[in-house]
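Inspection log for the structure reproduced underneath, given as structure tokens.
Remember, it's 1-based here, ligands and their atoms both numbered in the order they're listed. What you see is a predicted model, and the numbers here were worked out from it, not measured in a lab. No hydrogens, no waters, no symmetry mates; every other heavy atom, side chains included, goes into these values.
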Amino acid sequence: MCGIVGYIGNQKASPILINGLIRLEYRGYDSAGISTVEKDSLSVMKDKGRVKNLYQLKGINDLEGTIGIAHTRWATHGKPSKENAHPHLDNSKTFSVVHNGIIENYNELKKFLTDHGYTFYSQTDTEIIPNLIHYYYKNESGDLRFLQAVKNACSDLKGSFAIEVICKDYPDNMIVVRKDSPLVIGKGETENYISSDIPAILSFTRNFYLLNDLEFAVLTRDNVSFYDKDLNIIKKNTQTIEWNASSAEKDGYEDFMLKEIYEQPTAIRETIGSKLNEFSKCEFEELKFTKEYLATINKIYIVACGTAMHAGLVGKNAIEKLCQIPTEVDIASEFRYRHPLVDDKTLCIFISQSGETADTIAALKLSKENGAKTIAISNVIGSSITREADYSIYTHAGPEIAVASTKAYTSQVMLITLLAIYFADILDRNTTTVNQLKTDIMNLPKKIDETLKLSEVVKDFSKKVYQEKDIFFLGRGIDEAVAREGSLKLKEISYIHSESYPAGELKHGPIALIENGITVVGIMTDKNLVEKTISNIQEVITRGAKTLVITNQNVDKNMFNMTIKIPEVNPFISPILSVIPLQLFSYYISKEKGLDVDKPRNLAKSVTVE
Ligand code: G6P
């Protein structure tokens, strides 16, 4: 979703801003723009479409300003167009603003400003912000005039926002503020940076400041000052990020998605880290849970969106089987509005790669209000969700740039399985099973390497079915959770209609859709259920379906059009292997169709509005 970049320093701002926007492209957007402070005025250049349209605009190379803001917009209020693209100016052209989020009371504020003589040129909620700042600015004076006006305007805003403001009268200042929307500040020597996320400015700095809700930062070239919501000065220290800049580059791969699929052995190794030693208890230093506390828990909720929710389904299986604690998995946008039964005997786990998904954050806040203990699982240190939760644990997948999640999913599955082991160790439950699982996890990365070697076989089958209109995914038990993820991946990047079903449900409706030539993908890794699933696949073969089977069991290959044999592994972690052919399947279909794998239409990497 919308991306924000800012620069203040001694170099020309526009190339740095455009470079940052390119690195934020993966978040999803439909228009882009930049604004700089020029000699006595603010420049604004923007256009509909890709960032490359922006840097081809006439005059953009003539911008001399060394302070500027930039934005990629993902339309919410008003269609994608040049007029609606950010930055937006106030009527007097004193302030230029970019905004990520949604101003919920914008109609009310627009009427207020219209009544006070302001005119609006776009359909966006954002355009009220520079005008509101101007409205307050007129009545302010003194050193803090600019900051006070921004603060007053923000006090009127309801909703979520990450805002960058520059002012013609303050050519050496940039002000930023956030509420429920991501924004980080990168610290350089004689220059400072703003971004919606860390990878976009990782090549400039590894030192970041994180803002909490309704904190303001005033950036100059060599300093950043922080203020709370009442403009009291506050002190902040930088955090150093371990990721290196090359982790946000393609490194010779055609697409980020392919690179990220191949990074899974490392991501899993890093996520296991030092938490596991097959001869001792699983350790999570961040969590200090006791047997007494866990014994009081009568229900666990795992709440997330999209792929992260699918990782939660795998986690449920591990927690229920290893710890015997009833566990429910819910979609955050549903959970937050359905009055879930949550109290102090509930433990709520929230999974979010970005840590910025609006619905997941709202669900977490609700659980806390109802007295539950909360754990955040995220890939981004210091992200919003980790700052809200009682406890935070991290996947160490490195930056994930492709919109379709791959290494983040498998790392989430790994981490939540480790969490289940940690709980089981504390509760002294299922010791033999847990010890075996620990050993099998230690051997997992090399099995991922082996699975990745199946890529060519998957590619061949993808070439045969890439023109299909519908593809079905079937599985039972843990394989059903993987079927859901396989189906989602395919939809996201190939635009092929796809559905996943528990194989046993097939006869209750979906089989009516099976006809000659339809493709059905079956996932079978559970030896207790494999025969049952084969019977279901047999039913679709009888009706003319083409079949791809992903299995670690010895099945009769002659039955299916293609069988992909993955390494056998402990069932608790089989999704980490069985999902890989499915990731490659959607990747190669998307490539075969000539689509933009990393930036699929209409989708955003980080969904920061509800
Ligand atoms: C978007 C992304 C998905 C992701 C989901 C949840 O839909 O396109 O890849 O799974 O958001 O994101 P999160 O950052 O909370 O894991």
Side-chain angles (χ1 to χ4, degrees), residues 1-3 24-29 74 100 160 180-182 196-199 256-257 260-261 267 271 302-315 329-336 348-365 374-389 392-395 397-416 481-482 484-495 579 582-583 586-587 590 596-610:
M1 296 218 142
C2 305
L24 287 178
E25 280 190 299
Y26 76 95
R27 295 170 66 88
Y29 72 103
W74 192 87
N100 179 2
S160 61
D180 297 332
S181 208
S196 295
D197 60 30
I198 291 165
F256 278 110
M257 183 178 176
E260 289 158 7
I261 290 174
T271 299
I302 304 175
V303 184
C305 300
T307 289
M309 194 278 287
H310 293 160
L313 294 171
V314 183
V329 181
D330 212 344
I331 294 167
S333 55
E334 290 295 314
F335 179 87
R336 64 182 288 193
C348 293
I349 302 171
F350 299 86
I351 310 179
S352 175
Q353 185 282 129
S354 62
E356 303 295 348
T357 302
D359 282 318
T360 311
I361 296 168
L364 190 157
K365 287 181 177 167
T374 54
I375 302 180
I377 293 184
S378 180
N379 195 39
V380 182
I381 292 173
S383 56
S384 299
I385 200 173
T386 65
R387 283 185 275 159
E388 290 288 342
S392 297
I393 55 177
Y394 292 94
T395 50
E400 192 180 65
I401 308 291
V403 166
S405 180
T406 53
K407 62 175 180 172
Y409 166 79
T410 44
S411 302
Q412 287 160 351
V413 169
M414 188 69 270
L415 193 62
I416 198 153
V482 178
R484 291 200 204 195
E485 176 58 10
S487 172
L488 176 65
K489 223 60 332 161
L490 187 73
K491 282 188 195 88
E492 284 179 315
I493 59 168
S494 76
Y495 316 147
V579 80
L582 301 179
Q583 295 168 343
S586 42
Y587 173 80
S590 178
D596 187 341
V597 176
D598 287 338
K599 297 189 281 287
R601 71 183 180 203
N602 303 342
L603 298 182
K605 180 73 184 159
S606 179
V607 180
T608 50
V609 295
E610 67 170 294

Shortest protein contact, atom 14 (O) of ligand 1 (heavy atom only): S354 OG, 2.6 Å
Among V597, L603, D596, which residue satisfies the side-chain contact (heavy atoms from CB on, under 4.5 Å) criterion with I493? V597
With distance as the sole criterion, is a donor-acceptor pair present between the side chains of S384 and E356 under 3.5 Å? yes
Pick whichever of E400, M309, Q353 has a heavy atom sitting closest to atom 16 (O) of ligand 1. Q353
Applying a heavy-atom cut-off of 4.0 Å, say which part of K605 lies close to ligand 1: side chain, backbone, both or neither. backbone
Do L488 and H310 have side chains that get closer than 4.5 Å, going by heavy atoms? yes
Would you say the side-chain atoms of T360 and S352 include a donor-acceptor pair closer than 3.5 Å? no
Going by the 4.0 angstrom heavy-atom rule, the piece of A604 near ligand 1 is backbone
For A308, the atoms of ligand 1 under 4.0 Å from one of its heavy atoms are 10 (O), 16 (O)
Quick one: look up the protein heavy atom nearest atom 12 (O) of ligand 1 and list residue, atom name and how far away it is. T357 OG1, 3.4 Å
Please list the nearest protein heavy atom to atom 4 (C) of ligand 1 with its residue and the distance rounded to 0.1 Å. T307 N, 4.3 Å
Candidate with minimal heavy-atom separation from atom 3 (C) of ligand 1, of E356, E485, E492: E492
What protein heavy atom sits nearest atom 6 (C) of ligand 1, and how far away is it? C305 O, 3.4 Å
If you measure from each heavy atom of V403 to ligand 1, is any distance below 4.0 Å? yes
Residues W74 and N602: closest non-hydrogen pair is CZ2-O, 3.4 Å
State which residue, out of I375, I377, T395, fulfils the side-chain contact (heavy atoms from CB on, under 4.5 Å) condition with I416. I377
Is a side-chain donor-acceptor pair under 3.5 Å present for E492 with S586? no
